[in-house]
Amino acid sequence: METIAVIDFETTGMTPSQGARATEIGAVLVRGGEIVGQYQSLMYSGVHIPPFIEQLTGISNAMLRDAPPAEQVMREVAAFTRGCPMVAHNAAFDRGFWLAERERAGCEPDLAQEFACTVLLSRRLNTEAPNHKLGTLASWFGLPNNGRAHRALADALTTAHLLVRLQDLVAQRYADQLQGRPVRHELLAALQRAPKTQLDRCVARAQASS
DNA sequence: TGCCAGGCCCTCTTTAGGGCCTT
C-alpha cells in the first residue's frame with residue numbers, strides 16, 4: 001500500500017533564493033487514510049530569525065541555539081521519507097526549501113518524490129470553501145486540532161488530515177471510475193494540474209493508464 | 001527613488017494584471 005509523506009517547513013522568509021533558511025520541519029506519513037508515522041525537529045543553520053517570524057511561529061533565536069544542525073536534520077528526515085511521494089500545503093513553497101536544504105545537507109536526489117499540493121487540490125475539489133488557507137480548511141472540514149498553528153508538526157498533521165479528506169472527496173465523487181481502488185498520489189498529482197472543467201476526464205484517463 | 005518570491009489561477013485575458021498561498 002502506498003505511503004505518502006506530508007511535510008511542512010517553518011523558515012526565516014519566503015524563499016531560499018533570497019537567503020531564507022528552514023528553522024523547523026515536520027513530516028507525517030499517511031498510509032491507507034491513517035497517520036502511521038511522524039517526525040519533527042528544529043534545525044540550526046546559523047541565520048537570524050526576524051522578529052516578525054519569531055512572533056508568527058513562536059520559534060526564537062534562543063530556541064535554535066540548542067537545535068541540531070540543519071544538515072543532520074535533513075539527512076534524518078530524508079531517510080524518514082525515502083521513496084515516498086510528497087504532499088504539502090502550497091507545495092511550491094515547501095518544495096523550494098526541501099530541495100535547497102537537502103542539497104546543502106548533501107542528500108542524494110530522490111526522483112520518486114513528486115509533490116502534490118493541497119491548495120491546488122482544494123481549489124479544484126472544494127470550490128465552496130471561502131478560501132484555501134490551511135486554517136480555514138481545517139475549520140471548514142472540522143479537522144482535529146493538532147496544536148499551535150505555524151509550528152511544523154502541527155501544520156503537517158493538519159495537512160495530512162486535509163489530504164485524507166480530499167482523497168475521500170475524490171473517492172466519493174468518482175466512485176464509478178475508481179470502483180473501490182485507492183486514490184493514489186499519482187491521481188492527485190494529475191488532478192491538481194487538470195483544468196477544472198476536465199476533472200472527470202482526468203480521472204478516467206488516470207484509471208485507464210493504471 | 002522604488003523595487004526587492006514564485007507558481008498558480010481567474011478574468012472586464014491572451015501583446016496583462018491582480019489575487020491567492022506559503023514564512
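The chains referred to below are lettered A, B, ... by the order of the sequence lines, with proteins before strands, and numbering in each begins at 1. From a predicted model like this one, the values you see are computed outputs, not experimental measurements.
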Participant: Closest-nucleotide mapping onto DNA chain B: is A/Thr15 or A/Phe9 further toward the 5' terminus? I mean the 5' end.
Facilitator: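 Looking at the nearest nucleotide for each, A/Thr15 comes out on the 5' side.
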Participant: Near DNA chain B, under 4.0 Å by heavy atom, which residues of residues 41-54 of chain A?
Facilitator: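 Listed by number, they are A/Phe52, A/Ile53.
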Participant: Round to a whole Å and report the spacing from CE of A/Met14 to C1' of B/dC20.
Facilitator: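 Nearest whole value for this atom pair: 11 Å.
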Participant: Would A/Glu101 and A/Arg21 satisfy salt bridge (charged side-chain N to carboxylate O under 4.0 Å, His left out), going step by step from the backbone distance to the final call?
Facilitator: CA-CA 8 Å; A/Glu101 295 290 352; A/Arg21 295 293 305 274; 2.9 Å; yes
Participant: Has A/Arg201 got more than 12 heavy atoms of other residues, nucleotides or ligands less than 6.0 Å from its CZ?
Facilitator: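 Result for CZ/A/Arg201: open.
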Participant: Work out how far the P atom of B/dC3 is from that of B/dT22, and round it to whole angstrom.
Facilitator: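 Looking at atom P only, B/dC3 and B/dT22 are 26 Å apart.
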Participant: For atom CZ of A/Arg31, is the number of surrounding heavy atoms from other residues, nucleotides or ligands below 6.0 Å larger than 12?
Facilitator: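 Open: at most 12 neighbouring heavy atoms sit under 6.0 Å from CZ of A/Arg31.
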Participant: Between B/dT22 atom P and A/Asn90 atom CG, what is the distance in whole Å?
Facilitator: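 The distance from CG of A/Asn90 to P of B/dT22 comes to 7 Å, rounded to the nearest Å.
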Participant: Which value, in whole Å, describes the distance between the P atoms of nucleotides B/dT13 and B/dC8?
Facilitator: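 To the nearest whole Å, 23 Å.
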Participant: Show every donor-acceptor pair shorter than 3.5 Å between a side-chain atom in residues 40-56 of chain A and any protein atom, with sequence neighbours excluded, or say none if there are none.
Facilitator:
residue	atom	partner	partner atom	Å
A/Gln40	NE2	A/Glu24	OE2	3.0
A/Glu54	OE2	A/Asn61	N	3.1
A/Glu54	OE2	A/Asn61	ND2	2.9

Participant: In whole angstrom, what separates A/Leu99's CG from B/dG7's C1'?
Facilitator: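 Whole-Å distance recorded here is 14 Å.
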Participant: Can you name the nearest heavy-atom pair linking A/His132 to A/Ser122, along with the distance?
Facilitator: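 Of all heavy-atom pairs spanning A/His132 and A/Ser122, the closest is ND1-OG, 2.7 Å.
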Participant: In B/S/- notation, 5' to 3', how is nucleotides 8-13 of chain B contacted by protein heavy atoms closer than 4.0 Å?
Facilitator: SSS---
Participant: Just to be sure I understand the geometry, which residues of residues 150-166 of chain A put a non-hydrogen atom under 4.0 Å away from DNA chain B?
Facilitator: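 Output list: A/His150, A/Asp155.
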Participant: Let me check something: any side-chain donor-acceptor pairs from residues 171-180 of chain A under 3.5 Å, sequence neighbours excluded? List them with distances.
Facilitator:
residue	atom	partner	partner atom	Å
A/Arg173	NH1	A/Leu125	O	3.3
A/Arg173	NH2	A/Leu125	O	2.9
A/Tyr174	OH	A/Asp200	OD1	3.3

Participant: Please report, rounded to the nearest Å, how far the C1' atom of B/dG7 is from the CZ atom of A/Phe93.
Facilitator: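 About 13 Å, once rounded to whole Å.
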Participant: Other residues, nucleotides and ligands only: do more than 12 of their heavy atoms fall within 6.0 Å of CZ on A/Arg95?
Facilitator: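 Incorrect, the count does not exceed 12.
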Participant: In residues 127-146 of chain A, which ones come under 4.0 Å of DNA chain B, going by heavy atoms?
Facilitator: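 Listed by number, they are A/Asn131, A/His132, A/Lys133, A/Leu134.
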Participant: I'd like to know if A/Glu114 pairs up with A/Arg193 as an ion pair, taking the criterion as any Lys NZ or Arg NE/NH1/NH2 lying under 4.0 Å from an Asp or Glu carboxylate oxygen.
Facilitator: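 A salt bridge links A/Glu114 with A/Arg193.
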Participant: Please state how far atom CZ in A/Arg148 lies from atom C1' in B/dT23, giving the value in whole angstrom units.
Facilitator: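 It is 13 Å, rounded to the nearest whole Å.
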Participant: Could you tell me which non-hydrogen atom of A/Ala22 sits nearest to which non-hydrogen atom of A/Phe9, and how far apart they are?
Facilitator: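 The answer is CB-CD2, 3.5 Å.
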Participant: Identify which one of A/Leu121, A/Asn126, A/Leu120 satisfies the side-chain contact (heavy atoms from CB on, under 4.5 Å) criterion when paired with A/Arg124.
Facilitator: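 Option passing the side-chain contact (heavy atoms from CB on, under 4.5 Å) with A/Arg124: A/Leu120.
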Participant: So, applying side-chain hydrogen bond (donor to acceptor under 3.5 Å, both in side chains) with A/His89, which one of A/Thr159, A/Thr118, A/Asp8 is it?
Facilitator: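 Of A/Thr159, A/Thr118, A/Asp8, side-chain hydrogen bond (donor to acceptor under 3.5 Å, both in side chains) with A/His89 is met by A/Thr118 alone.
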Participant: Could you state the NE2-C1' distance from A/His89 to B/dG7, rounded to the nearest angstrom?
Facilitator: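 After rounding, the gap between these two atoms is 14 Å.
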Participant: With heavy atoms under 4.0 Å as the rule, sort A/Thr57 into base, sugar-phosphate or nothing.
Facilitator: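 Sugar-phosphate only.
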Participant: In this structure, how many angstroms lie between the P atom of B/dT22 and the CD1 atom of A/Ile7, rounded?
Facilitator: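 Value for this atom pair: 15 Å.
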Participant: State whether A/Ser17 places a side-chain N or O below 4.0 Å from either non-bridging phosphate oxygen (OP1 or OP2) of B/dG6.
Facilitator: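 So the side-chain polar atoms of A/Ser17 do come within 4.0 Å of the phosphate oxygens OP1 or OP2 of B/dG6, strictly under.
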Participant: Tell me, yes or no, whether the heavy-atom count around A/Glu103 atom CD, taken from other residues, nucleotides or ligands under 6.0 Å, exceeds 12.
Facilitator: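 It does not: A/Glu103 CD has 12 such atoms or fewer within range.
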Participant: A/Glu76 and A/Tyr39: which non-hydrogen atoms are nearest, and at how many Å?
Facilitator: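 Here A/Glu76 and A/Tyr39 meet closest at OE1-OH, 2.6 Å.
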Participant: If I take atom CG in residue A/Leu121 and atom C1' in nucleotide B/dT22, what distance separates them, rounded to the nearest angstrom?
Facilitator: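 Roughly 16 Å, once rounded to whole Å.
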Participant: Using the C1' atom as the reference point in each nucleotide, state the distance between B/dC12 and B/dA16 in Å, no decimals.
Facilitator: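 The same atom, C1', in both gives a distance of 12 Å.
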Participant: Could you measure between the two C1' atoms, the one in B/dG7 and the one in B/dT23, and give it in whole Å?
Facilitator: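 It works out to 16 Å between them.
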Participant: Provide the distance between the two P atoms, one in B/dG18 and one in B/dT14, to the nearest whole Å.
Facilitator: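 That atom pair is separated by 13 Å.
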Participant: Roughly how many Å apart are B/dT1 and B/dC20, using the P atom of each and rounding to a whole number?
Facilitator: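 That atom pair is separated by 31 Å.
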